[in-house]
Structures are given as C-alpha cells and as structure tokens.
Amino acid sequence: RRIEPWEFEVSFDPRELCKEACLLYEIKWGKRQKVWRHSGKNTTKHVECNFIEKITSERHFPPSVSCCITWFLSWSPCWECSKAIREFLNQHPRVTLVIYVARLFQHMDPQNRQGLRDLIHSGVTIQIMGPPEYDYCWRNFVNYPPGKEAHWPRYPPLWMRLYALELHCIILVRSSSLFKDFKKMSESADLVQTYSSKLPLPNDSTPYPFGYRADTTSCDLEMNRMISCVYTVS
C-alpha cells in the first residue's frame with residue numbers, strides 16, 4: 001500500500017527523531033520487469049526483521065532465487081538487524097540489497113557502527129537519502145494528492161550532508177563520531193585517509209576512490225564550510 005503524505009513527512013524528515021521506523025521497499029525478480037512495492041513498520045520486532053520473515057514465509061524462497069531488493073529506511077539498521085540481514089544474504093547469495101537511509105540509528109554506539117561496516121563488507125550498498133531518493137519515494141510510495149506528484153518535502157540538505165559525512169566516518173573505522181568531534185578532526189594536521197566505495201560523495205553521483213586531507217589550512221569536500229554550519233546548528 002502507499003503511505004499517506006504526513007506519514008512520509010514525519011518518518012523520513014532527517015531533522016526529526018521519529019520513534020517508529022518506516023521501510024519502503026521494492027523487489028525486482030530476476031530478469032522480469034515487474035517490480036513489487038510495499039511498506040512496513042516496526043511491530044514487536046524491528047522492521048528489517050519483519051521484512052525478512054515476511055518475504056521468506058509468504059513465498060517459496062530457495063537460495064537459487066535471484067532478485068534485487070531496494071530499501072528506503074527512515075533509520076539505519078541496528079547491529080542486531082545488521083546481523084539478521086547478513087544471515088539472510090548468506091542463505092540467499094543471489095539476492096542484491098541496496099539500502100537508502102534518512103538517518104543513522106544511534107550512530108555513536110560502536111556495535112551499530114560495526115554492524116554497518118559488516119553489511120558493506122558483505123556486499124550491501126548503504127547510502128544516505130538525498131533529493132533524488134525523496135522524490136522517487138514520494139512518486140512511487142506515497143498517496144499524494146492529484147497534481148502533487150512533484151511536491152515531495154524539501155528537507156534542508158545540510159542534514160543529508162552531515163549524515164553522509166558521518167556514514168563515511170563510520171566506513172573509515174573512525175572510533176569517534178563526526179557530530180561529536182568535527183572540530184578536532186578539522187584542526188588535526190596531516191590526517192589522511194583513502195578508500196574506495198560504492199558510495200558517492202555528497203553532491204556527487206559517480207563512484208570513485210575517495211580521499212580527504214584535513215589540516216590547519218584546508219579541508220577538502222567543503223569541510224571548512226561544513227564546520228561552520230555544524231556549530232551553527234549544534
């Protein structure tokens with residue numbers, strides 16, 4: 001079913017700490033063009049576990065089944081859900097999973113940070129939702145009023161960029177949070193990290209090796225300008 005506009009606006013606003021997680025998902029089966037779309041929320045279990053139970057119980061799902069699953073989550077998976085997702089993918093090696101998230105769930109928790117890294121190492125693509133994803137979800141999952149197909153909520157891009165940068169810090173195995181010590185990172189001299197990832201950089205849509213250098217005079221990826229914004233909202 002399609003969710004109501006107010007549900008989408010409340011659940012996926014990166015500025016709001018909504019208690020209930022919402023999942024919008026689509027499944028493309030094999031080479032067929034047909035796409036299944038549906039939504040889910042937390043019950044007594046987290047929405048990720050509910051999805052796994054639903055998809056494996058409602059249809060025959062042997063390891064040979066090939067499909068591509070895309071999730072749009074209001075919160076990133078916790079470490080327990082990350083473990084359940086990895087187990088599901090290990091049992092179904094021909095399933096591809098792409099996850100877009102509006103917010104990072106308790107991202108200061110080391111177990112949650114490690115859980116996200118484990119998912120990425122298992123082949124899962126995780127990315128922070130940006131304007132194209134919000135627009136896509138609005139058009140395909142929301143029961144918008146007639147003539148309002150382009151009226152998806154315009155959330156402040158600053159929050160999307162902050163979460164994107166924090167996700168990169170998690171992937172880089174940083175022990176501390178971007179939100180906690182952004183200033184310390186910017187003032188440390190000759191801090192260099194490089195890695196390759198499927199994740200595009202903020203304001204970029206093409207994957208390529210990512211590197212940054214933070215020193216006393218410059219920060220790539222517009223970090224200097226971002227730091228001033230961080231202190232404005234903190």
Side-chain angles (χ1 to χ4, degrees), residues 1-27 36-58 68-89 95-120 122 124-144 152-153 155-156 159-167 169-171 177-179 199:
R1 73 171 182 92
R2 286 178 174 252
I3 65 174
E4 294 303 313
W6 68 266
E7 293 181 84
F8 181 75
E9 292 175 9
V10 171
S11 297
F12 286 87
D13 188 339
R15 301 166 297 181
E16 300 294 333
L17 301 181
C18 184
K19 292 184 178 180
E20 187 175 48
C22 179
L23 168 63
L24 309 174
Y25 64 87
E26 62 181 27
I27 306 174
W36 286 14
R37 292 191 177 98
H38 213 285
S39 62
K41 290 187 176 181
N42 287 355
T43 55
T44 55
K45 298 180 181 179
H46 284 187
V47 68
E48 299 92 333
C49 293
N50 286 338
F51 170 88
I52 293 172
E53 290 185 4
K54 177 181 176 67
I55 194 173
T56 54
S57 64
E58 291 187 354
C68 180
I69 302 173
T70 302
W71 285 358
F72 300 92
L73 276 166
S74 59
W75 286 104
S76 63
C78 69
W79 68 271
E80 292 177 295
C81 289
S82 295
K83 180 180 179 182
I85 294 168
R86 295 198 329 271
E87 292 174 352
F88 168 74
L89 294 176
V95 171
T96 301
L97 178 61
V98 177
I99 303 176
Y100 295 95
V101 301
R103 315 177 195 85
L104 297 174
F105 177 73
Q106 295 186 6
H107 53 88
M108 303 283 286
D109 187 321
Q111 288 182 297
N112 289 337
R113 297 171 78 88
Q114 185 61 51
L116 294 178
R117 287 193 291 269
D118 291 342
L119 283 179
I120 291 172
S122 298
V124 178
T125 297
I126 304 177
Q127 189 168 324
I128 300 299
M129 290 178 65
E133 288 73 46
Y134 282 108
D135 179 40
Y136 183 86
C137 288
W138 180 264
R139 294 174 183 271
N140 292 282
F141 293 98
V142 178
N143 186 29
Y144 56 80
W152 55 275
Y155 300 124
W159 290 91
M160 304 174 199
R161 294 170 187 166
L162 286 175
Y163 276 124
L165 287 170
E166 175 72 343
L167 179 58
C169 287
I170 291 173
I171 297 172
S177 168
L178 171 73
F179 288 73
L199 297 174

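Everything numeric in this text was worked out from a predicted model, so none of it was measured.
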To the nearest 0.5 angstrom, please state how far the [atom1] atom of [X] sits from the [atom2] atom of [Y].
{"X": "Arg103", "Y": "Trp75", "atom1": "CZ", "atom2": "CH2", "result": "5.0 Å"}
{"X": "Ile126", "Y": "Arg117", "atom1": "CD1", "atom2": "CZ", "result": "11.0 Å"}
{"X": "Thr125", "Y": "Leu119", "atom1": "OG1", "atom2": "CG", "result": "10.5 Å"}
{"X": "His46", "Y": "Cys78", "atom1": "NE2", "atom2": "SG", "result": "5.0 Å"}

Heavy-atom side-chain proximity of [X] to [Y] below 4.5 angstrom:
{"X": "Val101", "Y": "Leu167", "value": "no"}
{"X": "Asn140", "Y": "Glu26", "value": "no"}
{"X": "Glu7", "Y": "Lys41", "value": "yes"}
{"X": "Leu116", "Y": "Leu104", "value": "yes"}
{"X": "Phe12", "Y": "Cys22", "value": "yes"}
{"X": "Leu73", "Y": "Glu48", "value": "yes"}
{"X": "Leu97", "Y": "Phe88", "value": "no"}
{"X": "Pro131", "Y": "Met160", "value": "yes"}

message: List the residues meeting ring pair (Phe, Tyr, Trp, His ring centres under 6.0 Å) with Tyr136, not counting sequence neighbours, and say none if there are none.
response: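 Tyr136 satisfies ring pair (Phe, Tyr, Trp, His ring centres under 6.0 Å) with Phe72 once adjacent residues are dropped.
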- line: Taken in chain and number order and not counting sequence neighbours, the residues that satisfy ring pair (Phe, Tyr, Trp, His ring centres under 6.0 Å) with Trp79 are none
task: Classify the angle between the aromatic ring planes of His38 and Tyr25 as parallel (below 30°), tilted (30 to 60°) or perpendicular (above 60°).
output: parallel
query: What orientation do Trp138 and Tyr144 show, parallel under 30°, tilted 30 to 60°, or perpendicular over 60°?
result: parallel
query: Which pairs pass salt bridge (charged side-chain N to carboxylate O under 4.0 Å, His left out) with one or both residues in residues 76-88, sequence neighbours excluded?
result: Arg86-Asp118
